[in-house]
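Structure first, commentary second.
Read the numbers this way: they start at 1 and go in the same order the structure lists the ligands and their atoms. Computed over heavy atoms, backbone and side chain alike; hydrogens, waters and symmetry mates excluded. Position 1 is the first residue of the sequence, and the numbers go up from there. Keep in mind that this is a model prediction, so the values were computed, not measured.
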Amino acid sequence: MDKAKLILDGQEYELPVTRGPEGEVGIDIGKLRKESRAITLDYGYANTGSCESSITFIDGENGILRYRGYPIEQVAEHADFVEVCYLLVNGELPNADELAAFKHELTYHSMIHEDMKKFFEGYLPTAHPMAILSSMIASLSTYYPHANERVALNIIRLLAKAPTLAAFSFKKAIGQPFIYPRNDLSYTGNFLNMMFAVPAEPYQLSPTLERALNLLLILHADHEQNCSTSTVRMVGSSDANLFASISAGVCALWGPLHGGANQRVMDMLKMIHDDGGDVDKYVEKAKNREFRLMGFGHRVYKNFDPRATILKKAADEVLEELGINDPLLEIAKRLEEVALRDEFFVSRNLYPNVDFYSGLIYSAMGIPTKMFTVMFALGRMPGWLAHWKENRGNPKTRINRPRQIYTGEGARDFKEIADR
Ligand code: SDX
């Protein structure tokens, strides 16, 4: 057995070493505290593996991302998002019969219980759709109380109903009637129809928009132990129900340092545009730490985010196909160009990430900025579900309960209020 040696307070400890098939090395500290009384300390878990997983592989130094072994570039070019959902959750690409059956399931579970419409009446039109999505997903557990006994069915329900909940939250915000899912449309077509159709006239589905949405959902589908997926695993580790675990993932994704960045990128590009488009000025501001270049940097990718590379090309193509000349795209490209020439960004390995270009495509599709992180959540749904299922199925899984180094007061006697 491979071992690592630790010398602490003159005492030597041997720790087992785990090596993954892609050359990753993990020092197993499962018995460290029991043998040495010591724990490890790792703010942000940048050096800490929480699990072993066979779903997604990332090589951050070389910009490699694979879903169940398939390179993201190939999946993005050839796959349908529903195939990717099946692949991530089940481990293999579906054959024709399996795909047809899976699509049928997703189609026939896309409605939400009619009573759930009443929930929307309580929200203000200004309610952030991520608040609606997380609470509606948690509320699904009240309609399907035995979630963890029927995992396969409830995975289908979440994949099928999340787009409906998202589209309904958009209709609520703009004061239009809800458009119900239709059984004759594809997964992406159904979502676009629920978002943009109005009762007064039929909605003309655009193949360009369907292709763009399919690509965006695929590129967001999974990303191993990111903050929101780790949250889903954390909550699932307490044996909380599937809906509660996914709802927690939605909340974690909402943060501007994570999925919420795509919304902040657009706000940033608009701010630069409205301020005369002076990119150099804002690069200097970022270097002076007056603000963060949203959509830049990544904990894992240290050369480039392969998704950003694909999205940059897609942004050009989609906007051209739609005949949209968005000045924000040029600003984004110039921002990338200036930053990647600058020592401050290069020395810190700060490159565009998945959130940098995605918003430009969502915007070209007519999706409002407030919905961008919801779109990220729709893409990440299969990844969250696959990791929850894998975590639950691993006999090594225990409830997640990290330790700490206490830095507070020593023991002291309670003071009555009269003595304070
Ligand atoms: C996603 O984990 C995943 O896989 C996430 C994700 C997924 O698919 O699930 O890829 C999706 O969340 C992408 C990231 C979206 N977030 C943003 O775009 C927000 C802006 N980026 C950063 O806040 C930051 O880069 C993070 C959060 C992405 C990474 O944070 P780290 O790894 O903790 O890095 P850090 O904050 O410690 O920064 C390291 C250095 C610091 O400089 P020093 O203090 O060492 O001098 O880089 C600087 C930071 O100040 N820095 C930035 C910066 N990001 C980091 N400076 C300017 N602009 C930035 N965007």
Point to revise | Among Lys302, Arg348, Arg264, Arg292, closest by any non-hydrogen atom to atom 45 (O) of ligand 1 | key: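 The nearest heavy atom belongs to Arg348.
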
Exercise for review: Nearest heavy atom to atom 60 (N) of ligand 1 wins, so pick from Thr229, Ile58, Leu293.
Suggested key: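 Looking at heavy atoms only, Leu293 sits closest to atom 60 (N) of ligand 1.
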
Review point. How about atom 28 (C) of ligand 1: does it have a protein heavy atom within less than 4.0 Å?
Key: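 Given the 4.0 Å cut-off, atom 28 (C) of ligand 1 counts as touching protein heavy atoms.
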
Check your understanding: Considering all protein heavy atoms, does one lie under 4.0 Å from atom 52 (C) of ligand 1?
Key ->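 Yes.
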
Among protein heavy atoms, which sits nearest to [atom], and what does the distance come to when rounded to 0.1 Å?
atom	value
atom 19 (C) of ligand 1	Met294 CE, 3.7 Å
atom 32 (O) of ligand 1	Arg299 NE, 2.7 Å
atom 13 (C) of ligand 1	Asp355 OD2, 3.5 Å

Practice item. Answer yes if the ring centres of Phe356 and Tyr351 are under 6.0 angstrom apart, and no otherwise. Key: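 Aromatic pair excluded; centres sit 6.0 Å or further apart.
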
Check your understanding: So Phe119 and Tyr143, would you call those rings parallel, tilted or perpendicular, with 30° and 60° as cut-offs?
Key ->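 The rings of Phe119 and Tyr143 sit tilted, inter-plane angle from 30° to 60°.
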
Practice item. Describe, in one word, how the ring planes of Phe170 and Phe196 are oriented to each other, choosing from parallel (under 30°), tilted (30 to 60°) and perpendicular (over 60°). Key: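 Rings of Phe170 and Phe196: perpendicular, over 60°.
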
Review point. Heavy atom of Gly295 under 4.0 Å from ligand 1?
Key: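 Contact present.
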
Answer yes if the side chains of [X] and [Y] hold a donor-acceptor pair under 3.5 Å, and no otherwise.
X	Y	result
Asp42	Asn47	yes
Ser135	Tyr123	yes
Tyr282	Asp275	yes

